[in-house]
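Input: a single structure, listed below in structure tokens.
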Amino acid sequence: MRALHPSTERVRAIAGLVSRLRHPQTTVRWRLTLLYGGMFLVCGAALLGVTYTLVSHQITGSAGLTFHGGGRGGIKAPPFGSGAIPVPNLSKLPIPPNVPAAVVRLMQSSTGQEFLRFVETQQRVDELHQLEIESAIALGIMAILSGLLGWFVAGRVLRPLRTITTTTQQISEDNLHRRLDLPGPRDELRTLADTIDSLLGRLEAAFESQRQFVANASHELRTPLTTMRTALDVAIAKPHLSSHPQVRALDASLREDLDQADRLLESFLVLARAHRGALGEETFVVLAQVVGDALARRRDVIAAKQIEVHSTLAPACVEGAETLLARMVDNLIDNAVRHSLPCDLINVTCEADRDTARLVVESGGPVLDQAAVARLAEPFRRLAAERTGSQNGHGLGLSIVAAVAAAHGGELRLYAREPGGLGVEVTLPVSRDARPATGPA
């Protein structure tokens, strides 16, 4: 695939950012924050309006102010000298001894008293206007704080929902035993979590019943297969039957079908065992050695198809059931050899880092569809429309690989190779005994 020019990548990144800004993702947390902030803003504005109205009426009632269309806050003092301001008798007020007599006479006159009342009224008008400004500023600050508080409260309220979502996304058919076990009071979210736990319990019981049925059916079917094989042995041992070529051909054909049925039942048993996680006795397994032995056992088949094998086997040690791990590797190698064309190339890589062992098997073949390849780990899933009677396998190989890997704490990844063919990657945790020590010397 051709790489993009750096400038083109920057343009696409900027376009994506602009698109996200124009069409932001409206989450529940954002909607709750806007709801909380909007409700606080409306209630705060109503409270300030009521307070302002009460204060303004008190001032107008005591100072003789009147409401007008203009002016500061819609309140305006009467003009000086209009006689609209009630003038109290100030002659009985105590006068400081250091005030000049002229000032005293002016203050005690009607004009002086009206002027003083005008100054007092104008001051109250200014104070009311200042109250209006400060109230608007306080409302704006509290609106911002309420938005931040609403974001925090919405996050706390939705935290159990995020826990439910994250845990549910991590649950699959391999770990249906997990439960949410949401703590806290029995509210709507707790009821939702308990409902999901009940659903997971029913799913686990259904899956376990299906796996147990497969295991029991496989065990029960072995008996009639053994009886059929014994009947063939008895029949072919008779001299008058074994001398006929048609009887010998029929015996060979029936034995081949019985062998294929035995392999299918064995695969069912291994798959059921891996799904149950019944590893048995866990041992220290050198994965590179298991891969080398599997390639050596198929040397003749590889040579007959003239397949070239490139193997890079670095030491990779895992811990688990050696029988299941060997079956997993056998299925990978068998799948690669079986589906490769003559003179194809198979790459086998085994490597490990500090925590993970990785086995990659890449085989040749035609170009495959990635969507179809991703479903190959399902039982009886093939790229063609063939069923179990095919000589090209019974469709359980990669299913067993996925189940064994999951039982050992690993995973399987399938991908279609660009040149053609299939790539299979299995990752497993490295054995604890194989990890280097990190403590002080």
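Being a predicted model, the structure only gives us computed values, none of them experimental.
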> If you measure from CG on L324 to CD1 on I400, what distance do you get to the nearest 0.5 Å?
Replying inline: 9.5 Å

>> To check you understand the geometry: which heavy-atom pair defines the closest contact between V430 and A352, and what is its length?
In response: CG2-CB, 4.4 Å

>> I'd like to know if the side chain of S253 and the backbone of A249 have a donor-acceptor N/O pair within less than 3.5 Å.
In response: no

> Can you tell me how far the CG atom of D334 sits from the NE2 atom of H339, to the nearest 0.5 Å?
Replying inline: 9.5 Å

> Any side-chain hydrogen bond (donor to acceptor under 3.5 Å, both in side chains) pairs touching residues 308-317, not counting sequence neighbours?
Replying inline: E308-H310

> Counting distance only, does the side-chain N/O of K305 pair as donor-acceptor with the main-chain N or O of L341 below 3.5 Å?
Replying inline: no

> If you take all heavy atoms of V285 and G320, which pair is closest and at what distance?
Replying inline: CG2-O, 4.1 Å

>> Testing T163, L200, L180, L199 one by one against T168 for a side chain to side chain contact (heavy atoms under 4.5 Å, CB included), which residue passes?
In response: L180

> What is the minimum heavy-atom distance between L182 and P160, and which atoms define it?
Replying inline: CD2-CB, 4.0 Å

>> For a 4.5 angstrom cut-off between non-hydrogen side-chain atoms, does T191 reach D187?
In response: no

> Looking only at heavy atoms, what is the nearest atom pair of L131 and S135, with distance?
Replying inline: O-OG, 2.6 Å

>> Does atom CZ (F152) have a neighbourhood of more than 12 heavy atoms from anything else shown, all under 6.0 Å?
In response: no

> Should L412 and T427 be marked as a side chain to side chain contact (heavy atoms under 4.5 Å, CB included) after you check the CA-CA gap, both sets of side-chain angles, and the distance that decides it?
Replying inline: CA-CA 7 Å; L412 169 69; T427 55; over 6 Å; no

> Could you walk me through whether I307 and L345 pass the side chain to side chain contact (heavy atoms under 4.5 Å, CB included) check?
Replying inline: CA-CA 6 Å; I307 298 174; L345 174 65; over 6 Å; no

>> So P342 and Q306, do their side chains get closer than 4.5 Å, heavy atoms only?
In response: no

>> To the closest 0.5 Å, what do you measure between CG (L34) and CE (M39)?
In response: 13.0 Å

>> Would R31 and T27 count as a side chain to side chain donor-acceptor pair (under 3.5 Å) here? Give the steps.
In response: CA-CA 6 Å; R31 291 197 292 269; T27 61; over 6 Å; no

>> Does any part of the side chain of R255, heavy atoms only, come nearer than 4.5 Å to the side chain of L232, both counted from C-beta?
In response: yes

> Should L250 and Q246 be marked as a side chain to side chain contact (heavy atoms under 4.5 Å, CB included) after you check the CA-CA gap, both sets of side-chain angles, and the distance that decides it?
Replying inline: CA-CA 6 Å; L250 179 61; Q246 294 180 350; over 6 Å; no

> Do the side chains of F284 and E319 get nearer than 4.5 Å, heavy atoms only?
Replying inline: no

Give every donor-acceptor pair under 3.5 Å between a side-chain atom in residues 370-378 and any protein atom, sequence neighbours left out.
unit_1: Q370; atom_1: OE1; unit_2: A416; atom_2: N; d: 2.8
unit_1: Q370; atom_1: NE2; unit_2: L414; atom_2: O; d: 3.3
unit_1: R375; atom_1: NH1; unit_2: A371; atom_2: O; d: 3.3
unit_1: E378; atom_1: OE1; unit_2: R381; atom_2: NE; d: 3.3
unit_1: E378; atom_1: OE1; unit_2: R381; atom_2: NH2; d: 3.0

>> Nearest 0.5 Å, please: how far is OG in S363 from CD1 in I346?
In response: 6.0 Å

>> Taking V367's backbone N and O only, do any of them form a donor-acceptor pair with R417's side chain (distance below 3.5 Å, no angle check)?
In response: no

>> Please find the pair of heavy atoms, one from N331 and one from G397, that lie closest to each other, and give the distance.
In response: ND2-O, 3.3 Å

> Do L161 and L192 have side-chain heavy atoms sitting under 4.5 Å apart?
Replying inline: yes

> Within the distance-only criterion (no hydrogens, no angle test), does the side chain of H408 pair as donor or acceptor with the backbone N or O of A321 below 3.5 angstrom?
Replying inline: yes

>> For T33 versus A154, what's the shortest heavy-atom pair and its separation?
In response: OG1-CB, 4.1 Å

> When you check the gap from the basic side-chain N to the acidic O, do R297 and D330 get nearer than 4.0 Å?
Replying inline: yes

>> Check this for me: E188, atom CD, are more than 12 non-hydrogen atoms of other residues, nucleotides or ligands nearer than 6.0 Å?
In response: no

> Distance from L428 atom CG to C317 atom SG, nearest 0.5 Å?
Replying inline: 12.0 Å

> Taking side chain as C-beta onward, heavy atoms only, is L41 less than 4.5 Å from L139?
Replying inline: yes

> Only one of N347, V424, T349, V348 clears side chain to side chain contact (heavy atoms under 4.5 Å, CB included) with E362; which?
Replying inline: N347

> Looking at residues at least two apart in the chain, or sitting in another chain, which of them share a side chain to side chain donor-acceptor pair (under 3.5 Å) with E134?
Replying inline: Q130

> Hey, is D194 close enough to R190 for a salt bridge, meaning N to O under 4.0 Å?
Replying inline: yes

> Does the side chain of T356 come within less than 4.5 Å of D353's, by heavy atoms?
Replying inline: yes

>> Are the side chains of V291 and L359 in contact, using a 4.5 Å heavy-atom criterion?
In response: yes

>> Would W151 and Y36 count as a side chain to side chain contact (heavy atoms under 4.5 Å, CB included) here? Give the steps.
In response: CA-CA 9 Å; W151 176 264; Y36 295 155; over 6 Å; no

> To the nearest 0.5 Å, what is the distance between CE (M328) and CD1 (I333)?
Replying inline: 10.0 Å

>> Under 4.0 Å between a side-chain nitrogen and a carboxylate oxygen: does that hold for E204 and R178?
In response: no

> Are R327 and T323 linked by a side-chain donor-acceptor pair shorter than 3.5 Å?
Replying inline: no

> Is a side-chain donor or acceptor of R298 paired with a backbone partner of A294 at a separation under 3.5 angstrom?
Replying inline: yes

